[in-house]
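A short worksheet on the structure shown next.
Every chain is numbered from 1, with letters handed out A, B, ... down the list of sequences.
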There are 2 protein chains.
Amino acid sequence: MSISSRFAVGIHILTLLEFNKKGVNSSEFLAGSVNTNPAVIRKIMGMLKKAGLVKVQPGVAGAELAKNIADITLLDVYRAVNVVPEQELFSIHESPNPQCPVGRNIQDAILPLFGTAQLAMEKALGSVTIEDIWEDIKLNDRD
Amino acid sequence: MSISSRFAVGIHILTLLEFNKKGVNSSEFLAGSVNTNPAVIRKIMGMLKKAGLVKVQPGVAGAELAKNIADITLLDVYRAVNVVPEQELFSIHESPNPQCPVGRNIQDAILPLFGTAQLAMEKALGSVTIEDIWEDIKLNDRD
DNA sequence: TCACTTGTAATCATTTTAGTTACAGGTTAA
DNA sequence: TTAACCTGTAACTAAAATGATTACAAGTGA
């Protein structure tokens, strides 16, 4: 399975808020760039808001960034949009046979290893900011 | 979303083959330890076989390891059981708006970053072998 | 008041997972 | 050769998740 594209959309939205920071960023406008439904945007927006990454008000059109894009890492977005259950990127089969030495120990043996792998990935996400993405786009616009 | 438990089950099976290497490892026996259906085991077994990790023969009961457990990394298992589409741990929304500078560049900007994060995780998996797990279980058997 | 927006719930088609049943075909022993 | 047992596979199911869509209550401001 793949990690939900909510993550990529979240990144897209934040970058777009920077690009269009002088304009009015309604959910419909954002949806137009992402190419999806405004309700999808609003749902993701709610998550980004709860994480303190954006400012939105009921009834008033236009979202804004709540932080400098240099201070928003991909890990922040990843956590905000809740694409992976905390500490459970990898799922482990439940209730292996406790009568079997392998069965009764396999979970404890595997869990920390999976945790390490997940952490390695999250660390990589934590080292990149929305600003990095924005700079990349400014430099390499593929018209 | 989480990565399929096929991965954890694959690790379980390989460790169990080492534990019971003098016994007869039928799909029913393995299923008993994993606590699932024999057909599920046979399906995963087919993937491990295709990856050259186990030896199984149609009609004859009992699977064997095809390699030394010190030479089987978690990454080998992960690849074998096909839990993540190659180079696509993270999915990206398709067809963002090409009229928008952010929309037309976001995929190219994000892809290599996602790739780096995925690689970091896979590297972590590549540094652990089934032997490590087997040794852990032998040392820390929780009776 | 009116037009417009956000927040949110409900619904839907699609996809994936894990389990289950069924059975064709290989293998071995009696 | 027959009988018992196994693997390989396909088909089907229930449950869960995704992303899209519709609908509407409630907030905002001209």
Side-chain angles (χ1 to χ4, degrees), chain A residues 1-10 12-13 17 23-51 54-64 66 81-85 88-97, chain B residues 1-10 12-13 17 23-51 53-64 66 78 81-85 88-97:
Chain A
M1 261 303 298
S2 289
I3 290 173
S4 166
S5 67
R6 270 206 310 280
F7 183 24
V9 172
H12 185 146
I13 291 173
L17 290 182
V24 176
N25 293 290
S26 65
S27 63
E28 190 170 356
F29 168 76
L30 298 172
S33 173
V34 172
N35 189 23
T36 183
N37 193 289
V40 171
I41 298 291
R42 290 200 290 272
K43 187 174 180 185
I44 296 176
M45 218 55 166
M47 300 182 185
L48 297 177
K49 180 182 183 181
K50 190 181 295 182
V54 301
K55 283 182 281 190
V56 209
Q57 274 188 320
V60 45
E64 295 175 30
V81 298
N82 204 26
V83 280
V84 166
E88 285 182 40
L89 173 60
F90 301 91
S91 45
I92 300 190
H93 54 300
E94 291 173 3
S95 47
N97 191 341
Chain B
M1 259 306 298
S2 290
I3 289 173
S4 167
S5 67
R6 269 207 310 280
F7 182 24
V9 172
H12 186 147
I13 290 173
L17 290 183
V24 176
N25 294 290
S26 65
S27 64
E28 190 169 356
F29 168 78
L30 298 172
S33 175
V34 172
N35 188 24
T36 184
N37 193 290
V40 171
I41 297 291
R42 291 200 290 272
K43 188 174 179 184
I44 296 177
M45 218 55 164
M47 300 182 184
L48 297 177
K49 181 181 182 179
K50 191 182 292 183
L53 303 182
V54 301
K55 284 182 280 190
V56 209
Q57 274 189 320
V60 45
E64 295 174 31
Y78 164 93
V81 299
N82 204 29
V83 280
V84 166
E88 284 181 42
L89 172 59
F90 302 91
S91 45
I92 300 189
H93 53 300
E94 290 173 4
S95 46
N97 191 340

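Rounded to the nearest 0.5 Å, atoms CG (A:Leu30) and CD1 (A:Ile13) are 6.0 Å apart. Separating the NE2 atom in B:His12 from the CG atom in B:Leu17 is a distance of 10.0 Å, to the nearest 0.5 Å.
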> Would A:His93 and B:Thr36 count as a side-chain contact (heavy atoms from CB on, under 4.5 Å) if you check the C-alpha gap in whole Å, the side-chain angles of each, and the deciding distance to 0.1 Å?
Replying inline: CA-CA 9 Å; A:His93 54 300; B:Thr36 184; over 6 Å; no

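In this structure, the nucleotide among D:dG8, D:dT7, C:dA18 sitting nearest to the side chain of B:Arg6 is C:dA18. Of the candidates D:dG8, C:dG19, C:dT6, the closest approach to any side-chain atom of B:Lys49 belongs to D:dG8. For A:Thr36, the side-chain atoms get nearest to D:dA20 when compared with the rest of D:dA20, C:dT5, C:dG19. When the nucleotides D:dA20, C:dG7, C:dG19 are ranked by their closest atom to the side chain of A:Val56, C:dG7 comes out on top.
Distances shorter than 4.0 Å separate some side-chain N or O of B:Ser5 from OP1 or OP2 on C:dA18. For A:Ser4 and D:dG19, the shortest distance from a side-chain N or O to OP1 or OP2 is below 4.0 Å.
Counting non-hydrogen atoms under 4.0 angstrom, B:Lys50 reaches nothing in the nucleic acid.
Every residue was checked against the ring pair (Phe, Tyr, Trp, His ring centres under 6.0 Å) condition with A:Phe29, not counting sequence neighbours, and none meets it. Not counting sequence neighbours, the partners of A:Asn35 by the side-chain contact (heavy atoms from CB on, under 4.5 Å) test are B:Ser95.
For B:Met47 and D:dT7, the CE to C1' distance is 15 Å, given to the nearest whole Å. As rounded to whole Å, 14 Å separates atom P of C:dT8 from atom CE of A:Met45. Whole-Å rounding puts the B:Glu28 CD to D:dA4 C1' distance at 14 Å. For the pair A:Glu94 CD and C:dT17 P, the interatomic distance rounds to 16 Å; values are reported in whole Å. Straight-line distance from the CG atom of A:Asn35 to the C1' atom of D:dT21: 14 Å, rounded to whole Å. Counting to the nearest Å, the P atom of C:dT16 and the NZ atom of B:Lys43 are 12 Å from each other. If you measure from atom CD1 of A:Ile92 to atom P of C:dT17, you get 17 Å, rounded to the nearest angstrom. Rounded to whole Å, atom P of C:dT6 lies 16 Å from atom NZ of A:Lys55.
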> Which letter, B, S or -, goes with each nucleotide of nucleotides 21-30 of chain C from 5' to 3', with contact meaning a protein heavy atom under 4.0 Å?
Replying inline: BB---BS---

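Looking only at side-chain heavy atoms (C-beta outward), B:Val9 and B:Val81 stay at 4.5 Å or farther from each other.
Residue pairs meeting the side chain to side chain donor-acceptor pair (under 3.5 Å) criterion with at least one member in residues 38-50 of chain A, sequence neighbours excluded: A:Ser27-A:Arg42.
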